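Report on one structure; see the data block that follows.
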Amino acid sequence: LLKATSFWRDNSFILQEFKYFRGIAILAFTFTLLAAAFEGFGVGFILSFIQSFTNPNAAPIQTGVDWIDIWILGINAPATERLYRITGLIFLTTLLRLGFTYLGQLYSFLTQINLGYRLRLRIFEQLQALSLSYFSKTRSGNLINSLTGEIRQITMALMVFSTFLTKAETLLVFVISMLLLSWQLTIISVMLLSLVSVGLSTLLRSVREASFEVTKANAKYTSVSLEFIQGIRTVQAFAGQDFERQRCDEANSQIVQAMNQAMVVRALVEPLSEGAGILMLLGILIAGFAFLIPNGYLQSASFLTFLVVLLRITPIIRQLNAVRARLSNLHGSFDNIQQLLRTDDKPYLDNGKVEFSHLKQAIEFVDVDFGYDPNELVLQQISLTIPRGQTVALVGASGAGKSTLADLVPRFYDPTKGEIFIDGLNLRELDVNSLRRKLAVVSQSTFIFNGSVRDNIAYAMTKVDEKSIKEAARLANALE
């Protein structure tokens, strides 16, 4: 039933991850619920406390459970002793509430950490499974922004949602307490709050739309910065510092503009909510003193307790509206990660099952066409046989497709049309990792990993001896 809702459809990529840390998430929810429950107990004790001051001769408030009324509340004890007991109970419930609040926040934070870990892992696995064609069409800065900034935003959203859940649970307990004190005043309060909520929903939609522009601006700035760092030799060689400074300033300005637009609307939420809360409080005061108390519908102690609860609710409502605004502001990050994790719109490499041991006969291209864009072919009707043991050089002008043709052998790309055979077996039927382990690829632009020379020579090789590494270095004239 939950999976049929729009909430599941919009957030399933996050909700599915909770199964990996279900226990931590359940504890976080349980502790926040207990904190809210003890908040409600505190309201009941406050009512007894106020009654003991305003009308000490009135019959004490009872729960209907004899052992609680006699041994804990002390209904048969003198008024002064009841006051001491109630004071002690208020202190005890406050300590318990604070303890459960701490545990709730702790486990919420642990849930946030685990969610960030799972999302980073899923995105990394997604990127590993994608064909190289995806990376040739996607800016690396956008991917870096998703792996860092956007995931950080989503984990922050989980903490914000945890705050929202905590406040909502506390609000529910307070509303139940208000109903028990005066259903008339509660109905008036709920009606006024509903009007405020409807008005704020329009603002929150505007905040949500603005968040998408913030995500786009952050992605562009990350891309520009990454290109500058990776191409710093070229930038300095062509004295392009002023040009790069202009690009960076434009991207940076777009972030400022997008965030300003989002904050102009988001900043309205809290003051409007606070103003509405004050007006609601004034309305309740008028209704209580002018109608309910004079007509005997409500006692003074109950009305004062109602006001105490209402005063506690007002900042909670303001915080809830602020949290809603923050969640709306993070929708751009949600959409970014959700799009990145989609599988129906990305090219994947279909791996074969046949293990490749070594070349026995030949590599054969049969009527091969290829284009990075299927409508713009780079290679057309290539037929070529390379026997084992023969050295073949592909010669041609820059951009003729030499590197592209070579990239088809390790299956960096698959032909748009035609087939490639190794020893008579279609290249697509081979396990791609077993094939690539038997190939030596010297790229036009050599990438050096952040490690030692030894680590780069033995990259991705877990079982290799020092003698083999030194021999490889000697053959590459890199031993010294």
Side-chain angles (χ1 to χ4, degrees), residues 10-11 13-14 112 115-116 119-120 123 127 135 137-164 199-236 238-275 318-341:
D10 294 340
N11 302 283
F13 75 101
I14 288 179
Q112 175 187 356
L115 177 62
L119 287 177
R120 286 190 291 270
I123 291 177
L127 295 178
F135 296 94
K137 297 177 182 178
T138 305
R139 299 179 72 173
S140 56
N142 292 358
L143 297 177
I144 295 298
N145 180 62
S146 298
L147 278 166
T148 55
E150 301 305 330
I151 287 183
R152 186 169 58 250
Q153 291 286 81
I154 286 183
T155 55
M156 183 188 301
L158 179 62
M159 183 58 72
V160 172
F161 180 76
S162 174
T163 302
F164 179 86
L200 290 176
S201 296
T202 304
L203 287 176
L204 295 177
R205 281 194 295 270
S206 300
V207 173
R208 176 176 177 172
E209 293 302 319
S211 70
F212 295 106
E213 296 303 319
V214 174
T215 296
K216 291 179 183 178
N218 282 327
K220 183 176 180 180
Y221 178 77
T222 304
S223 295
V224 170
S225 301
L226 190 61
E227 288 172 1
F228 170 74
I229 294 170
Q230 291 178 335
I232 187 63
R233 176 185 289 269
T234 303
V235 172
Q236 293 184 357
F238 287 88
Q241 288 90 337
D242 290 339
F243 177 73
E244 288 299 322
R245 186 181 296 109
Q246 183 179 355
R247 289 181 66 208
C248 179
D249 184 61
E250 288 176 358
N252 201 9
S253 297
Q254 287 180 8
I255 293 178
V256 173
Q257 183 179 359
M259 293 186 71
N260 283 343
Q261 291 176 350
M263 287 304 300
V264 164
V265 182
R266 179 182 160 187
L268 286 171
V269 174
E270 194 163 348
L272 287 177
S273 177
E274 184 175 355
R318 186 173 68 251
Q319 291 167 7
L320 283 174
N321 287 322
V323 167
R324 288 174 61 195
R326 289 188 66 188
L327 288 174
S328 297
N329 199 40
L330 295 170
H331 269 283
S333 299
F334 274 76
D335 184 71
N336 179 281
I337 298 300
Q338 190 172 34
Q339 293 302 318
L340 182 56
L341 291 175

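Worth saying up front: this structure is predicted, and the values here are computed from it rather than measured.
Listed here is the closest heavy atom pair of Ser140 and Leu226: OG-CD2, 3.3 Å. When all heavy atoms of Tyr221 and Ile255 are compared, the pair lying nearest together is CB-CD1, 3.5 Å. Closest of all the heavy-atom pairs between Ser333 and Thr215 is N-OG1, 3.4 Å. When every heavy atom of Phe135 is checked against every heavy atom of Leu127, the shortest pair comes out as CZ-O, 3.2 Å. Closest approach of Asp335 and Phe212 over heavy atoms only: CB-CE2, 3.5 Å.
Here the CZ-CG distance, from Arg245 to Asp249, works out to 9.5 Å after rounding to the nearest 0.5 Å. One distance of note links CD of Glu213 with CD of Gln261; it measures 7.5 Å at 0.5 Å rounding. In this structure, CD on Glu150 lies 11.0 Å from CE on Met156, to the nearest 0.5 angstrom. Residue Asn218 holds its CG atom at 7.0 Å from CE of Met259, rounded to the nearest 0.5 Å. Ile154 CD1 to Leu115 CG: the interatomic distance, rounded to the nearest 0.5 Å, is 7.5 Å. Put simply, CZ on Arg152 and CZ on Arg120 are 10.0 Å apart, with the number rounded to the nearest 0.5 Å.
Partner Ser223 forms a side chain to side chain contact (heavy atoms under 4.5 Å, CB included) with one of Leu143, Thr138, Asn145, Asn142 and no other, that one being Asn142. Screening Leu119, Ile151, Leu340 for a side chain to side chain contact (heavy atoms under 4.5 Å, CB included) with Ser146, the sole residue that qualifies is Leu340.
Between Arg247 and Glu244 a salt bridge is recorded (basic side-chain N to carboxylate O distance below 4.0 Å). Between Arg139 and Glu227, at least one side-chain N (NZ, or NE/NH1/NH2) sits under 4.0 Å from a carboxylate O, which counts as a salt bridge.
Remark: the backbone N or O of Val256 is paired with a side-chain donor or acceptor of Asn260 at under 3.5 angstrom.
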